[in-house]
There are 2 protein chains.
Amino acid sequence: MNKPGREIKNLLYEQVARIGKAVSSPKRLELIEILCQGEKTVEELAAAAEISVKLASAHLKELKAARLVEARREGKNVAYRLVDTQVADLWVMLRALAEERLLELQAAMRELVSRPEELYAVGGKQLLAQAKRGEVLVLDVRPADEYEAAHLPYARSIPLAELKSRLDEIPTGKPVVAYCRGPFCLMAREAVDLLTRRGRRAVRMEVGVAEWRSQGLPLATGE
Amino acid sequence: MNKPGREIKNLLYEQVARIGKAVSSPKRLELIEILCQGEKTVEELAAAAEISVKLASAHLKELKAARLVEARREGKNVAYRLVDTQVADLWVMLRALAEERLLELQAAMRELVSRPEELYAVGGKQLLAQAKRGEVLVLDVRPADEYEAAHLPYARSIPLAELKSRLDEIPTGKPVVAYCRGPFCLMAREAVDLLTRRGRRAVRMEVGVAEWRSQGLPLATGE
DNA sequence: CGATTAATCTAATGATTGTTAGAATAATCG
DNA sequence: CGATTATTCTAACAATCATTAGATTAATCG
């Protein structure tokens, strides 16, 4: 009853579905987003995603089976990373697709941006030019190791945890554009709240390094 | 114990995971690929994917819930289509990702291309130029309605089913480049087999209209 | 070497899924 | 109108999945 070629076709679609399966779990997506910022150990991943180490390990195993991440032992720890930036592009694409289509997600996003004027609206290239001319201070509030792995050009690193104690490094005159891990991350929002309370002109930018890179814009690495 | 913002974060990732879920089933992926060729009824989709109408309907319901497809009643039939070309881009991306990483898929693909010289190797822009100058005959072997919905520029439509009886339309001198629904489709392969047996110089091209469009290349519509 | 830390494997659970069959809608045709 | 065709809904099954706890492996440190 089956046409010839059906078995091989089934096999082909099944293989692609393995990738789909890997990105069908919220926790796995969160792990991918964290790994977009750079290499992380299982412990760090579990802490960032607020799940147990066991569960993180199980999810990472699946991501590894789908060849989206790879593991590397470093002493006592096992460090995971994305196999390449195409995986980050997939995450960006899935998020954009969901954001455009799913009303529930749009509603939740609106809660993350209480006042719309808090969001930095200009495009990547324009920001780059403004930052180069020193018209704005681009602030990376992620942990220092993520800044070192990759960050926006001209961005200054002050991790959120240190921001309060390093406030004197932020000039009061210049407008500040803060960014973090991406649209779903709350760190830049908190930073902007703190900065505006302390008399700075600060806005949040939604993009993270993954979104920035998938737009074809350049990134910097190191200190 | 939970940090503030955890609930909303869970909600956000869950919404994106709905898209992932939708593309985690081989049958749903096959339906998406078929819908990349144009609008289809449930019956047509079920026949093309070689599944029951009931099962097709159930899968389409899930795709609709994830807002990847939309339905439109047309008389007795319900016609489904992709909500927009971004969904086709997602399919192309997933397939490319799987093909690069999963060895099982690479092995299966090799069976589809028994002799490597059967594959047309030049890029899209170059093919376009060759076709424009009339150096090659670009042959679309998909059903006529899919050709009408969208096809490669300068392509000639001869559905696989009619190819045998319309062989006289294919010149013996000019090289033929046949394409169908994409890398997983067997129609172009069959066409090339038939044509070479009948003394034509024919090769298969892996891309379909979805791959072509996601590369930013132009398509034509209508007769 | 034994103790400690980090991560994985195994087994068990309750929940979800894919698939099928049968009943129910929705539009058309005579 | 009743009969037909196309599709969806409901209920049910076995199969698969996510998650947790307990045992196990791998590397380091004293």
Side-chain angles (χ1 to χ4, degrees), chain A residues 1-2 6 9-11 13-32 34-35 39-66 68-81, chain B residues 1-2 6 9-11 13-32 34-35 39-66 68-81:
Chain A
M1 189 170 178
N2 276 0
R6 179 35 60 182
K9 269 192 148 185
N10 285 344
L11 200 101
Y13 291 108
E14 269 162 35
Q15 295 307 312
V16 183
R18 281 174 61 188
I19 308 280
K21 206 103 177 269
V23 295
S24 70
S25 146
K27 295 295 179 204
R28 284 197 287 272
L29 288 172
E30 189 163 1
L31 292 172
I32 288 174
I34 299 161
L35 288 173
E39 209 179 46
K40 297 271 171 185
T41 67
V42 178
E43 226 178 2
E44 289 169 330
L45 286 164
E50 295 173 65
I51 54 178
S52 75
V53 170
K54 283 172 185 177
L55 184 53
S57 178
H59 280 308
L60 289 164
K61 190 185 167 189
E62 291 217 35
L63 289 173
K64 204 165 108 183
L68 298 183
V69 308
E70 53 194 7
R72 186 174 64 88
R73 196 168 251 288
E74 178 148 356
K76 277 197 226 182
N77 303 303
V78 175
Y80 280 85
R81 62 169 166 247
Chain B
M1 190 172 179
N2 276 359
R6 180 36 59 184
K9 269 192 149 186
N10 285 343
L11 198 97
Y13 291 108
E14 269 163 35
Q15 295 307 313
V16 183
R18 282 175 60 189
I19 308 281
K21 206 107 179 266
V23 295
S24 70
S25 145
K27 296 293 180 205
R28 284 197 287 273
L29 288 171
E30 189 163 3
L31 292 172
I32 289 174
I34 298 161
L35 288 171
E39 209 179 46
K40 297 271 172 185
T41 67
V42 178
E43 226 178 4
E44 289 170 330
L45 285 164
E50 293 173 67
I51 54 178
S52 74
V53 170
K54 283 172 185 176
L55 183 53
S57 178
H59 280 309
L60 289 165
K61 190 186 166 189
E62 290 218 35
L63 289 173
K64 205 165 106 183
L68 297 184
V69 309
E70 53 194 8
R72 184 174 64 88
R73 198 167 249 289
E74 179 149 355
K76 277 197 228 181
N77 303 304
V78 175
Y80 279 84
R81 61 166 168 250

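In what follows, chains carry the letters A, B, and so on, assigned in the order in which the sequence lines appear, proteins first and then strands, with residues in each chain numbered from 1. No hydrogens, no waters, no symmetry mates; every other heavy atom, side chains included, goes into these values.
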Enquirer: Closest to the A:Glu62 side chain: D:dT8, C:dA7, D:dA18?
Expert: D:dA18
Enquirer: Nearest whole angstrom, please: distance from the P of D:dT20 to the NZ of A:Lys27.
Expert: 9 Å
Enquirer: For C:dG18 and B:Arg28 - does any side-chain N or O of the residue sit under 4.0 Å from the phosphate oxygens OP1/OP2?
Expert: yes
Enquirer: Is the shortest side-chain N to carboxylate O distance from A:Glu30 to A:Lys40 below 4.0 Å?
Expert: no
Enquirer: Looking across every strand, which nucleic acid part, if any, lies under 4.0 Å from B:Glu44 by heavy atom: base, sugar-phosphate, or nothing?
Expert: nothing
Enquirer: When you check the phosphate oxygens OP1 and OP2 of C:dA6, does a side-chain N or O of A:Tyr80 lie under 4.0 Å from one of them?
Expert: no
Enquirer: What is the distance, rounded to the nearest whole Å, between atom CD of A:Glu43 and atom P of C:dT4?
Expert: 17 Å
Enquirer: With a 4.0 Å limit, can you tell me whether B:His59 has a side-chain N or O closer than that to the phosphate oxygens OP1/OP2 of C:dT17?
Expert: no
Enquirer: Any salt bridge between B:Glu70 and B:Arg72, counting N to O under 4.0 Å?
Expert: no
Enquirer: Where the side chain of A:Lys54 is defined as all heavy atoms beyond and including C-beta, which of C:dG18, C:dA7, D:dG22 is the nearest nucleotide?
Expert: D:dG22
Enquirer: Verify the contact: side-chain N or O of B:Ser57 to OP1 or OP2 of D:dT8, cut-off strictly under 4.0 Å; return yes or no.
Expert: yes
Enquirer: Taking only the side-chain heavy atoms of A:Leu55 (C-beta and beyond), determine which of C:dA27, D:dT19, D:dA26 contains the nearest atom.
Expert: D:dT19
Enquirer: From C:dT17, C:dA27, D:dA6, pick the nucleotide closest to the side chain of B:Lys21?
Expert: C:dT17
Enquirer: Distance check needed: D:dC17 P versus A:Lys61 NZ, whole Å only.
Expert: 12 Å
Enquirer: Is the distance from OP1 or OP2 of D:dA27 to the nearest side-chain N or O of A:Asn77 less than 4.0 Å?
Expert: no
Enquirer: Rounded to whole Å, please give me the gap between CZ in B:Arg18 and P in C:dT16.
Expert: 15 Å
Enquirer: Send over the distance from A:Tyr13 OH to C:dG18 C1', rounded to a whole Å.
Expert: 19 Å
Enquirer: Does B:Ala22 offer a backbone N or O that forms a donor-acceptor pair with the side chain of B:Arg28 under 3.5 Å?
Expert: yes
Enquirer: Could you tell me how far apart B:Leu60 (CG) and D:dT7 (P) are, to the nearest whole angstrom?
Expert: 10 Å
Enquirer: Using only atom types and a distance under 3.5 Å, with no angle test, would you say the side chain of A:Arg18 pairs donor to acceptor with the backbone of A:Gly20?
Expert: no
Enquirer: Does B:Glu74 reach a base, just sugar-phosphate, or nothing at all? Heavy atoms under 4.0 Å.
Expert: nothing
Enquirer: Grab the CD-P distance between A:Glu14 and D:dA15 for me, whole Å please.
Expert: 16 Å
Enquirer: Nearest whole angstrom, please: distance from the C1' of D:dA18 to the CG of B:Asn10.
Expert: 14 Å
Enquirer: Salt bridge check: are B:Arg81 and B:Glu74 linked by an N-O gap of less than 4.0 Å?
Expert: no
